[in-house]
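Let me begin by presenting the structure, written as C-alpha cells, before commenting on it.
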Amino acid sequence: MGKNDKKGGSGGGGGKGKGGGAGAEKEGTGKAKGAQSINVRHILCEKHSKKEEALEKLKEGVKFDEVARTYSEDKARQGGALGWKTKGSLDPAFEEIAFALDTSTTSSPKYAEVKTGHGYHIIMVEGRK
C-alpha cells in the first residue's frame, strides 16, 4: 500500500504580501488637495479615433454620462461611473490624472485624457473626500 508519507511538493511558503503597500512609502501624499478618495467617471475607448469622437461630443456640449453611454467600453450603462475610488486602487497613470482634476458636473465636465494599458480614458471627477 502506499508510499504516501511525503507531503506533496514544495509549496513555496505562502508568498503573499509581496510589495503590499509599497505605494504608501512614496513621497508627495499631499498631492491632489489632500483627497483620499474621488467619485470618478470615465470614458474608455480602445481606439484613438473613437476617443477623439467622444472628445468632439464633449466639446459640443453633450453631457459626460451620455457620451460615456455611447462611446465607453467600460461602465457605459452607468454613464461611465466608477464610483468612489481610494488612492492606490486605480491604474497609477489614471490615478495621477484623476486626483489632480477639479470636481465638476456631467453637464459641464472638467475632463482630462490619459492612456493606460486598458486604452484611452477621458476622466472627470464628481466629488472628493
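This one's a predicted model, so the numbers in the text were calculated from it and none came from an experiment. We number each residue from 1, following the sequence as shown. Keep in mind that the numbers below use all heavy atoms, side chains included, and drop hydrogens, waters and symmetry copies.
Residues satisfying the salt bridge (charged side-chain N to carboxylate O under 4.0 Å, His left out) criterion with Lys85, sequence neighbours excluded, are absent altogether. Every salt bridge (charged side-chain N to carboxylate O under 4.0 Å, His left out) that Glu73 has, sequence neighbours left out, goes to Lys50. Residues that satisfy the salt bridge (charged side-chain N to carboxylate O under 4.0 Å, His left out) test with Glu95, not counting sequence neighbours, are absent from this structure. The side chain to side chain contact (heavy atoms under 4.5 Å, CB included) check on Ala112 picks up Ile97, Leu101, with sequence neighbours excluded. Judged as a side chain to side chain donor-acceptor pair (under 3.5 Å), and not counting sequence neighbours, the contacts of Glu113 are Lys51. Considering only residues two or more places apart in sequence or on other chains, His48 meets the ring-ring contact (aromatic ring centres under 6.0 Å, His included) condition with Tyr120. Residues that satisfy the side chain to side chain donor-acceptor pair (under 3.5 Å) test with Ser37, not counting sequence neighbours, are absent from this structure. For Thr70, there are no side chain to side chain contact (heavy atoms under 4.5 Å, CB included) partners two or more places apart in sequence or in a different chain. Judged as a side chain to side chain contact (heavy atoms under 4.5 Å, CB included), and not counting sequence neighbours, the contacts of Glu53 are Tyr71. Residues that satisfy the salt bridge (charged side-chain N to carboxylate O under 4.0 Å, His left out) test with Lys115, not counting sequence neighbours, are absent from this structure. Every side chain to side chain contact (heavy atoms under 4.5 Å, CB included) that Asp91 has, sequence neighbours left out, goes to Ala93, Phe94, Thr116, His118.
Interatomic distance, Leu82 CG to Lys75 NZ, rounded to the nearest 0.5 Å: 7.0 Å. In this structure, the separation between OG1 on Thr105 and NZ on Lys110 is 9.0 Å, given to the nearest 0.5 Å. Atoms CE and NE2, on Met124 and His42 in that order, are 12.5 Å from each other to the nearest 0.5 Å.
Hydrophobic clustering (side-chain heavy atoms under 4.5 Å, transitive across Ile, Leu, Val, Met, Phe, Trp, Tyr) keeps Ile122 apart from Leu44. Under a hydrophobic-cluster definition in which Ile, Leu, Val, Met, Phe, Trp and Tyr are linked whenever side-chain heavy atoms come within less than 4.5 Å, directly or via other members, Val114 and Ile43 are assigned to different clusters.
Summarising the local packing, CD of Glu52 is surrounded by more than 12 heavy atoms from other residues, nucleotides or ligands at distances under 6.0 Å.
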N/O donor to acceptor pairs below 3.5 angstrom from side-chain atoms of residues 54-69, sequence neighbours left out:
none

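Remark: of the listed residues Ile38, Leu90, Val40, Val40 is the sole one forming a side-chain contact (heavy atoms from CB on, under 4.5 Å) with Ile123.
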